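Small disclaimer: the values here were computed from a predicted structure and weren't measured.
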Amino acid sequence: MIQQVTRGIKISVQTSFEGTFYKNYKMHFAFGYIITIENQSKNSVQLTSRQWKIKDSLSKTEYVEGEGVIGKKPVIKPGESHTYQSGCLLSSPFGNMSGSYSMVDFTTTKKFDVIIPAFKLSAPFALN
């Protein structure tokens, strides 16, 4: 498990390899990840958007931005957490992801970014 704390917000990431399949005559490697966002600060926060950098070992880097996570903009009170599951497709058995969440502190009304630590995506059959 990969973990990192930014401004009292702890991000934990677990990854899994979900399998391979063909799409448009091309092999794809499916990866899943579970992210837990834990509020260790004294103030309630809301996740408003996300920014991802997805690197595939065989192709260019992809950048993805969007509102919330899985269609939600969770409010996380002190001592509480929000967990969600998502995934991505790569054209190779290796890659990594990193990024950030944009959040709002309800007490100060200030926006801030929380780092999503880089985590590896690798198919177990491709490892030495």
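Atom CG of L47 sits about 7.5 Å away from atom NE2 of H82, to the nearest 0.5 Å. To the nearest 0.5 Å, atoms CD1 (I70) and OG1 (T83) are separated by 12.0 Å. The CG atom of L58 sits 12.0 Å away from atom CE of M27, with the distance rounded to the nearest 0.5 Å.
Using a 4.5 Å cut-off between side-chain heavy atoms of Ile, Leu, Val, Met, Phe, Trp and Tyr, with links allowed through other members, I76 and F106 fall into different hydrophobic clusters.
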List, one per line, each side-chain donor-acceptor pair under 3.5 Å for residues 9-24, sequence neighbours excluded.
residue, atom, partner, partner atom, Å
S12, OG, Q3, NE2, 3.2
S16, OG, E18, OE2, 2.4

Please tabulate, for side-chain N and O atoms in residues 110-120, each donor-acceptor pair with protein atoms closer than 3.5 Å (sequence neighbours left out).
residue, atom, partner, partner atom, Å
D113, OD1, S102, OG, 3.1

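Side-chain contact check for F94 versus L121: every heavy-atom pair is 4.5 Å or farther apart. At least one side-chain heavy atom of V69 sits less than 4.5 Å from a side-chain heavy atom of Y101. Contact annotation: the side chain of Y84 approaches that of I35 to within less than 4.5 Å [non-hydrogen atoms, C-beta and beyond]. Between Y33 and Q85 the shortest side-chain heavy-atom distance does not fall below 4.5 Å. Taking the side chain as every heavy atom from C-beta outward, M103 and D105 never approach each other to under 4.5 Å. Proximity of K26 to S91: side-chain heavy atoms (C-beta onward) are separated by under 4.5 Å at one or more points. S122 is not listed as a side-chain neighbour of P93, based on a closest heavy-atom distance of 4.5 Å or more. The shortest side-chain heavy-atom distance between I54 and L90 falls under the 4.5 Å cut-off.
Under 3.5 Å, the side chains of S49 and E67 contain no donor-acceptor pair of N or O atoms.
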Legend entry - Test side chain to side chain donor-acceptor pair (under 3.5 Å) applied to S41 and N43, step by step: CA-CA 6 Å; S41 75; N43 301 333; 5.6 Å; no
Inset, instruction - Under the side chain to side chain donor-acceptor pair (under 3.5 Å) rule, what do S57 and S92 come out as? Steps first, then yes or no, please. - result: CA-CA 6 Å; S57 65; S92 76; 2.7 Å; yes
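The pair R50-E65 does not count as a salt bridge, with every side-chain nitrogen at least 4.0 angstrom from each carboxylate oxygen.
Residues T48 and K73 come closest through the heavy atom pair O-CE, 3.6 Å.
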